[in-house]
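In what follows, chains are A, B, ... by sequence order, proteins preceding strands, each numbered from 1. These figures come from a predicted structure and were not determined experimentally.
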Protein chains: 2
Amino acid sequence: MASDLQVTADPVETILREIDQSAETGGKSPCPVRDVLDRTGDKWSVQVLLRLSKGPERFNALLRTIAGISQRMLTVTLKALERDGLVTRKVFETRPPSVEYTLTPLGVSLIQHLAGLADWAIRAEAQISANRKAYDGG
Amino acid sequence: MASDLQVTADPVETILREIDQSAETGGKSPCPVRDVLDRTGDKWSVQVLLRLSKGPERFNALLRTIAGISQRMLTVTLKALERDGLVTRKVFETRPPSVEYTLTPLGVSLIQHLAGLADWAIRAEAQISANRKAYDGG
DNA sequence: CGGAATCCGCTTTGATACTG
DNA sequence: CAGTATCAAAGCGGATTCCG
């Protein structure tokens with residue numbers, strides 16, 4: 001118990017403080033927590049990151065693999081991820097040209113946590129589903 | 001290698017399969033992973049959960065504490081969280097009436113993972129910010 | 001092949017006003 | 001106090017078309 005070597009404190013405390021600080025500015029200094037949640041919360045980022053975690057892939061390969069995504073949203077998503085330094089974009093000047101996307105170390109480190117969350121989701125699925133049914137029914 | 005006792009496999013593999021399966025149905029059978037990501041990705045759920053992790057709180061207390069949230073969105077958010085069984089709602093028939101919201105064990109278990117993600121966000125903040133600056137500048 | 005640009009509908013959100 | 005109802009505004013995302 002109480003194994004607070006260093007950073008432990010209360011993680012939740014730390015996060016709340018972080019959120020509060022940015023809220024005080026009227027939300028103009030973006031909170032990093034909300035920021036990453038915004039990204040991972042959008043419809044496609046996580047799936048793109050997940051796909052890339054198996055190795056580099058090309059644009060159209062991703063487009064085919066990720067069922068339901070439009071060309072536009074893949075472009076937008078990849079650009080945002082590249083901007084944040086979560087993926088890198090490499091252009092091969094062949095004919096026809098090809099573009100390859102790769103996860104950066106930073107992106108890999110993010111995936112770890114997302115996987116934890118996703119794992120929770122899968123395990124909690126049955127219970128949540130039951131809760132909803134009970135709520136809607138009663 | 002290939003230590004597939006039971007669940008181990010590759011967590012990412014498992015998640016991808018989960019996503020794929022729901023995609024095949026045209027997204028009609030909702031993927032639990034996307035489902036939880038949708039919830040945590042919305043603007044307020046995480047903050048509400050985080051606040052409640054310190055103990056039960058009343059509606060207007062939350063409304064004051066969570067800077068920027070509107071009455072309407074707090075209502076909507078709490079209702080969704082209650083439906084999923086992440087928080088419970090308890091009404092005290094006093095005058096004036098008061099309502100108290102509490103995290104369920106399921107909600108607590110979710111917080112753990114969210115905290116991990118939030119912690120990553122805080123530590124990665126500087127690098128991401130630098131990446132964006134470099135991207136926008138160059 | 002890998003995008004960029006435009007248009008456009010739908011959902012989400014915020015303000016405001018009203019209620020038990 | 002703790003909501004509900006309504007409306008308008010904003011944003012996201014899809015379809016389509018064009019370009020290097």
- Could you pull out the closest heavy-atom pair between Val12(A) and Ser53(B), with the gap in Å? CG1-OG, 3.2 Å
- Task: Stems involving DNA chain D: give each as a range paired with a range, ordered by first number, where a stem means at least three consecutive Watson-Crick or G-U wobble pairs under 3.5 Å.
- Result: C:1-20 with D:1-20
- Below 4.0 Å: OP1/OP2 of dA2(D) and any side-chain N or O of Arg89(B): no
- Query: Within this structure, what is the CD-to-C1' distance between Glu100(A) and dG3(C), rounded to whole angstrom?
  - Reply: 17 Å
- Closest heavy-atom pair and its distance - Ala118(B), Val33(A): CB-CG1, 3.8 Å
- Item | Length of the line joining Leu63(A):CG and dG3(C):P, which is rounded to integer Å | 11 Å
- Phe59(A) has an atom CZ; how far is it from atom C1' of dG2(C), in whole Å? 6 Å
- Task: Inspect the contact between Arg34(B) and Asp38(B) and indicate whether a charged nitrogen and a carboxylate oxygen are less than 4.0 angstrom apart.
- Result: yes
- Contact under 4.0 Å: Arg58(A) side-chain N or O vs dG2(C) OP1/OP2: yes
- Query: To the nearest Å, how far apart are Lys90(A) NZ and dG3(C) P?
  - Reply: 15 Å
- Separation of Asn60(B) atom CG from dG3(D) atom C1', in whole Å? 10 Å
- What are the two closest heavy atoms between Ser109(B) and Trp120(A), and how far apart are they? OG-NE1, 2.8 Å
- Item | Minimum-distance pair of heavy atoms, taken over all atoms of Pro32(A) and Ala121(B) | O-CB, 3.6 Å
- Query: Would you call Asp20(A)-Arg51(B) a salt bridge at under 4.0 Å N-O?
  - Reply: yes
- Task: Can you spot which of Arg58(B), Arg89(B), Glu57(B), Glu82(B) makes a side chain to side chain donor-acceptor pair (under 3.5 Å) with Tyr101(B)?
- Result: Arg89(B)
- Item | Heavy-atom closest contact (Val46(B) atom, Thr40(B) atom, distance) | CG2-O, 3.3 Å
- Task: Can you tell me the distance, in whole Å, between the CZ atom of Arg39(A) and the C1' atom of dC12(D)?
- Result: 14 Å
- Please report, rounded to the nearest Å, how far the C1' atom of dC1(C) is from the CD atom of Glu57(A). 15 Å
- Message: What contact category does Thr75(A) fall into here, base, sugar-phosphate, or nothing, at under 4.0 angstrom with non-hydrogen atoms?
- Response: sugar-phosphate
- Item | Value rounded to 0.5 Å, distance of CG in Leu63(A) from CD in Gln71(A) | 6.0 Å
- Task: Could you tell me the separation between the CD atom of Glu93(B) and the P atom of dG3(D), rounded to a whole number of Å?
- Result: 12 Å
- Query: Counting only side-chain N and O atoms of Tyr101(B), is one of them less than 4.0 Å from OP1 or OP2 of dG3(D)?
  - Reply: yes
- Protein proximity profile, nucleotides 12-20 of chain C - base contact B, sugar-phosphate-only contact S, no contact -, cut-off 4.0 Å on heavy atoms: -BBB-B--B
